[in-house]
Amino acid sequence: MKPKTTIDMRALAAALFVSLAAMGAAASDDTPYDKINTATATAPITVKELRGGVSALYGSGGNIGALVGKDGVFMVDAGIAVSRPKIEYALKELSNGPLRYMVNTHWHWDHTDGNAWVHEDGATVIASAQTAKHLGETIRIEEWGHTFDPVAKDARPTVIVRADKAIPFDGETVLIRPYMDSHTDGDVSVYFKQADVLFTGDTWWNGLYPFIDYAEGGGINGMIAAANENISLVTGHTIIVPGHGPEGTKADLIAYRDMLVAIRDKVATLKKQGFSLEQVIGAKPTEAFDGRWGQAVISPALFTTLVYRGV
């Protein structure tokens, strides 16, 4: 029997990120990377059935997608490895078929840490060339307080996407599209055409200020460009699943894009006037949006810092 969702998914997604902020106050010696992994270890995996055999799985770092049918399971992202037993259980509740494919929307560990077990369970791992490259590198992300080592060979993508790619699966057409440099330099979207469900990865954080990975090619202007691309890809009927936060609508995407533009423009004006980063943070350029977007792990000050770096 398939699991049913009766709780507020927006509240669930926000609660996990708010809990991370609370953990930061209680365990200041831990890095954000450690705090996220610790929170994920006890978080439930909640399944939301969307449409046309496509579901979203919430609770393991980044959001996960699953198309299930007679051909097996086609996943979007692998979450954090500590969630493996709960994710496997959730997938088995959806389908007894084999795990066939999994697309990494980008290289960050909260979307790729489960790659090794997903491959062990039979999936072919698909990603952009940049994502595959970064998973084989040593990368320091200061904001997370962590240095990422190369992942094992079995955890790396073996099918590389360099342009739009269509994969037929169980009567669906799965479209994988690379973005311009935005959240990172290797993001891709996954669109289930018949179901009309789009997974954006971390080019969209619904109800949350986003992280921007400047270490590996990201930037605020690219994030705005990716938001505009997402808006152009969907209609009022499309279900859109972000990298973090609950699924949403085209109207939610537009509100997110408008927020990014407004804050980018305010920060750019202040920086052009010669304001230092500390002065810009003190001017609170995000204040009008903090009630909706700034209540989780990416604080108004951190988001202002990320925007400042890119203007």
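The structure presented is a predicted model; accordingly, all values stated were derived computationally and were not measured.
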Test side chain to side chain contact (heavy atoms under 4.5 Å, CB included) applied to Val161 and Val103, step by step | CA-CA 10 Å; Val161 175; Val103 180; over 6 Å; no

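- Of all heavy-atom pairs spanning Leu57 and Ala66, the tightest one is CD1-CB, 4.2 Å.
- The closest side-chain heavy-atom distance from Ile141 to Tyr33 is not below 4.5 Å.
- With contacts defined as side-chain heavy-atom distances shorter than 4.5 Å, the pair Arg264/Val311 qualifies.
- Between the side chain of Arg51 and the backbone N or O of Ala195 there is at least one donor-acceptor pair closer than 3.5 Å.
- Residues His108 and Phe148 fail the side-chain proximity criterion, which asks for heavy atoms closer than 4.5 Å.
- Scanning all heavy atoms of the two residues, the minimum distance from Tyr308 to Val267 falls at CA-CG1, 3.6 Å.
- Judged by distance alone, the side chain of Glu172 and the main-chain N or O of Lys193 form a donor-acceptor pair under 3.5 Å.
- Shown here is Lys165, whose NZ atom has no more than 12 heavy atoms of other residues, nucleotides or ligands within 6.0 Å.
- Taking a cutoff of 4.0 Å between a charged side-chain nitrogen and a carboxylate oxygen, Glu142 and Arg140 qualify as a salt bridge.
- The aromatic rings of Phe192 and Phe199 sit perpendicular to each other, their planes meeting at more than 60°, with 30° as the lower class boundary.
- The aromatic rings of Tyr101 and Phe74 lie tilted to each other, with the angle between the two planes from 30° to 60°.
- No side-chain heavy atom of Tyr209 sits less than 4.5 Å from a side-chain heavy atom of Val297.
- In the hydrophobic cluster analysis, where Ile, Leu, Val, Met, Phe, Trp and Tyr join through side-chain heavy atoms closer than 4.5 angstrom, Tyr214 is grouped apart from Met180.
- Pro210 has its side chain within reach of Phe303: a pair of non-hydrogen atoms, C-beta onward, lies under 4.5 Å apart.
- Note that CG of Leu50 and CG of Asp196 are 11.5 Å apart. Values are rounded to the nearest 0.5 Å.
- Remark: side-chain polar atoms of Gln130 are paired, donor with acceptor, to backbone N or O of Asp185 under 3.5 angstrom.
- A distance of 9.0 Å separates NZ in Lys284 from OG1 in Thr286, rounded to the nearest 0.5 Å.
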Show the numbers, then the answer: is there a side chain to side chain donor-acceptor pair (under 3.5 Å) between Ser189 and Asn230?
-> CA-CA 9 Å; Ser189 66; Asn230 287 333; 5.5 Å; no

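- Using a 4.0 Å cut-off between charged nitrogen and carboxylate oxygen, Glu247 and Lys48 count as a salt-bridge pair.
- Grouping the Ile, Leu, Val, Met, Phe, Trp and Tyr side chains by contacts below 4.5 angstrom, directly or via other members, places Ile231 with Ile220.
- Counting only distance, with no hydrogens or angles, the side chain of Asp149 and the backbone of Thr138 share no donor-acceptor pair below 3.5 Å.
- Contact between Leu208 and Gly245 at its shortest, heavy atoms only, is CD1-N, 4.0 Å.
- In this structure, Thr304 and Val307 have side chains that are not in contact, with every pair of non-hydrogen atoms separated by 4.5 Å or more.
- Residues Phe211 and Trp144 meet the side-chain proximity criterion, which asks for heavy atoms closer than 4.5 Å.
- Taking OG of Ser232 as the start and CG of Asn228 as the end, the distance is 8.0 Å to the nearest 0.5 Å.
- Distance check, rounded to the nearest 0.5 Å: NE2 of His111 to CG of Asp187 gives 9.0 Å.
- From Lys70, atom NZ reaches atom CG of Asp170 across 5.0 Å, with rounding to the nearest 0.5 Å.
- Scanning all heavy atoms of the two residues, the minimum distance from Ile160 to Ala132 falls at CD1-CB, 3.7 Å.
- Between Leu135 and Asn104 there is a side-chain heavy-atom pair separated by less than 4.5 Å.
- In this structure a side-chain-to-backbone donor-acceptor pair under 3.5 Å is missing from Lys250 to Thr238.
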Assess whether side chain to side chain donor-acceptor pair (under 3.5 Å) is satisfied between Asn115 and Thr112, documenting all intermediate values.
-> CA-CA 5 Å; Asn115 279 18; Thr112 63; 5.2 Å; no

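- Criterion: ILVMFWY side-chain heavy atoms under 4.5 Å apart, direct or through other members. Under it, Ile224 and Ile254 are part of a common hydrophobic cluster.
- For Pro300 against Gly294, the heavy-atom pair with the smallest separation is CD-O, 3.6 Å.
- Using a distance-only test at 3.5 Å, with no hydrogens or angles considered, no donor-acceptor pair links the side chain of Asp113 to the main chain of Asp110.
- How far CD1 of Ile126 is from OG1 of Thr105: 12.5 Å, rounded to the nearest 0.5 Å.
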Might you work through the side chain to side chain contact (heavy atoms under 4.5 Å, CB included) test for Glu93 and Val47, ending with a clear yes or no?
-> CA-CA 10 Å; Glu93 288 289 292; Val47 178; over 6 Å; no

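- Contact check on Glu88 versus Arg84 returns a salt bridge, with a Lys/Arg side-chain nitrogen under 4.0 Å from an Asp/Glu carboxylate oxygen.
- Cluster membership check: Val174 does not share its hydrophobic cluster with Tyr179, using side-chain heavy-atom separations under 4.5 Å among Ile, Leu, Val, Met, Phe, Trp and Tyr.
- Hydrophobic clustering, with ILVMFWY side chains joined whenever heavy atoms are under 4.5 angstrom apart, groups Val159 together with Val76.
- Although no hydrogens or angles enter the test, the distance criterion places a donor-acceptor pair under 3.5 Å between the side chain of Trp205 and the main chain of Asp202.
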Check the pair Asp213 / Trp107 against side chain to side chain contact (heavy atoms under 4.5 Å, CB included), numbers first and verdict last.
-> CA-CA 10 Å; Asp213 182 359; Trp107 77 271; 3.1 Å; yes

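- Taking every heavy atom of both residues into account, Ile45 and Ala90 meet most closely at CG2-CB, 4.1 Å.
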Check the pair Thr40 / Asn37 against side chain to side chain donor-acceptor pair (under 3.5 Å), numbers first and verdict last.
-> CA-CA 5 Å; Thr40 302; Asn37 285 337; 5.4 Å; no

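- A distance-only check finds no donor-acceptor pair linking the side chain of Arg162 to the backbone of Ser128 [under 3.5 Å].
- Using a distance-only test at 3.5 Å, with no hydrogens or angles considered, a donor-acceptor pair links the side chain of Ser60 to the main chain of Ile80.
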What do the steps show when you test Ile36 against Trp109 for side chain to side chain contact (heavy atoms under 4.5 Å, CB included), and what is the final call?
-> CA-CA 11 Å; Ile36 291 170; Trp109 102 101; 3.7 Å; yes

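- When only modelled atom types and interatomic distance are considered, Asp252 and Trp204 share no side-chain donor-acceptor pair under 3.5 Å.
- At least one donor-acceptor pair under 3.5 Å links the side chain of Asn63 to the backbone N or O of Pro242.
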